There are 2 protein chains.
Amino acid sequence: MTRKAEAADMHYGELKTPDRLRRRASRLLSQVSTQSDRLMNEGLGRVDARKWHYAVLASLQEHGPGSQATLSRRTGIYRSDMVGVLNELAERDLVERVPDLDDRRRNVITITAQGRRHLRRLDKVLDDLHDELLAPLTAAERDQFVQLLTRLLDHHTQ
Amino acid sequence: MTRKAEAADMHYGELKTPDRLRRRASRLLSQVSTQSDRLMNEGLGRVDARKWHYAVLASLQEHGPGSQATLSRRTGIYRSDMVGVLNELAERDLVERVPDLDDRRRNVITITAQGRRHLRRLDKVLDDLHDELLAPLTAAERDQFVQLLTRLLDHHTQ
DNA sequence: GTACTAACGTTAGTCTCACTAACGTTTCTG
DNA sequence: CAGAAACGTTAGTGAGACTAACGTTAGTAC
């Protein structure tokens, strides 16, 4: 083997990701999802929020007040995790949490005026972040992408 | 308000996910990715493997032996996590880990015959799992999906 | 040749997210 | 009226992404 070949050999495959790995949809999904999460968390972090905050506020705005269990079902956040999220939102006066007089097992969660203002801000932040996330795709491709993901999600959640 | 209206009202928005949430690409990505991860981990778990095992074995098969740091770069697995993965693979005699005599900081990791056999099995398992994952999409749509994801990933990793 | 820097393998630890188990309380159902 | 189910809450698990630090070894600059 020549010197050159040896040198080339030393670097051969040093950074290359195997093709069979790179092409797997599951791997692509998890990598892109990780990037997406990082992007969203950084952006939302800058306005003292995280994605769970947005989910809860959007749910309250769109479908009205509800119990913690209801919010849990609407957002997909586990009810055990919901406790902490609502603590954070209540601390910031973005939601109000009061005992339900008609059913004393429950709390009624309501969005506040400040919460609505915050939600509008988050919506703008997220719009920008999604522009960044989907930057390499055309408008038509973005629609296609969202549609494919939606079909996959629907299929795997019945 | 009639009885019926009251009853309907009680269930109003109980399970509905808000539209602005459901349509966000970031949310779709993380949900589909979670489903995908669950599917892959369950399937690989049945043959005593997990996705990191596949990544390392595929990298060894495709680009030959390498140090732990090299494998780390090829697979995207952190070198601190690589230690444990290689312990698991070595325990199962799927790879061999020997000190590099030319550079005593390094270990040289090599895939064994048994490792190659195992990798072939994992490839089949993963093919089936991906069929399940992408079931609602046509062949053309699957290609499109992979292509869109690849472009996003490339863009966000330079 | 001797300092400085960098790379290596390893241990330990952080954070987020998805998810389970168990608890006391309250409400619904048979 | 008894048992099952729903509620909010606390605690804990496990995987994955990621950081910090340590001792050892190798390459680089003077």
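Every chain is numbered from 1 and lettered A, B, ... according to where its sequence line falls, protein lines coming before strand lines. Note that this is a predicted model, so its numbers are computed, not measured.
Put simply, CD on Gln68(B) is 15 Å from P on dT25(D), counting in whole angstrom units. Put simply, CE on Met40(B) is 23 Å from P on dG14(D), counting in whole angstrom units. The CG-P distance, from Asp100(B) to dG9(C), rounds to 9 Å in whole Å. For the pair Asn107(B) CG and dA7(C) C1', the interatomic distance rounds to 13 Å; values are reported in whole Å. Here the C1' atom of nucleotide dC17(C) and the CD atom of Glu88(A) are 13 Å apart, to the nearest Å. Summarising the geometry, the separation between CZ on Arg73(A) and C1' on dC19(C) is reported as 17 Å, rounded to the nearest angstrom. Asn87(A) has its CG atom 7 Å from the P atom of dT9(D), to the nearest Å. Here the P atom of nucleotide dC18(D) and the CD1 atom of Ile77(B) are 12 Å apart, to the nearest Å.
An OP1 or OP2 oxygen of dA15(D) is reached within less than 4.0 angstrom by no side-chain nitrogen or oxygen of Arg38(B). At the phosphate of dA18(C), neither OP1 nor OP2 sits under 4.0 Å from any side-chain N or O atom of Tyr78(A). Taking only side-chain nitrogens and oxygens, Asn41(A) never comes nearer than 4.0 Å to OP1 or OP2 of dC15(C). Distances shorter than 4.0 Å separate none of the side-chain N or O atoms of Arg104(A) from OP1 or OP2 on dA6(D). OP1 or OP2 of dC7(D) has at least one side-chain nitrogen or oxygen of Arg106(A) nearer than 4.0 Å. Not one side-chain nitrogen or oxygen of Arg50(A) sits closer than 4.0 Å to the OP1 or OP2 atom of dC15(C).
Between Asp103(B) and Asp81(A), the one whose closest nucleotide on DNA chain C sits nearer the 5' end is Asp103(B). Mapping Asp37(B) and Val108(A) onto DNA chain D by nearest heavy atom places Val108(A) closer to the 5' end of the strand.
Crowding of Arg116(A) atom CZ: a count of heavy atoms from other residues, nucleotides or ligands under 6.0 Å exceeding 12.
Screening Ile77(B), Ile109(B), Asn87(B) for a side-chain contact (heavy atoms from CB on, under 4.5 Å) involving Met82(B) leaves a single residue, Ile77(B).
Across all strands shown, Ser67(B) has heavy atoms under 4.0 Å from sugar-phosphate atoms exclusively, and none from any base.
For dG9(C), its base sits under 3.5 Å from the side chain of Arg79(B) at one donor and acceptor pair at least.
Candidate nucleotides dT10(C), dT10(D), dC8(C) were compared by shortest atom distance to the side chain of Ser80(A), and dT10(D) ranks first. When distances are taken from the side chain of Val83(B) to each of dT10(D), dC8(C), dT11(C), the shortest belongs to dT11(C).
With values rounded to the nearest 0.5 angstrom, Leu86(B) atom CG is found 13.5 Å from Arg79(B) atom CZ. For the atom pair CG (Asp128(B)) and CG (Asp123(B)), the distance works out to 11.0 Å, reported to the nearest 0.5 Å.
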Where do Gln114(A) and Arg92(A) land on the side chain to side chain donor-acceptor pair (under 3.5 Å) test, with the steps shown first? CA-CA 9 Å; Gln114(A) 202 175 330; Arg92(A) 291 162 176 74; over 6 Å; no

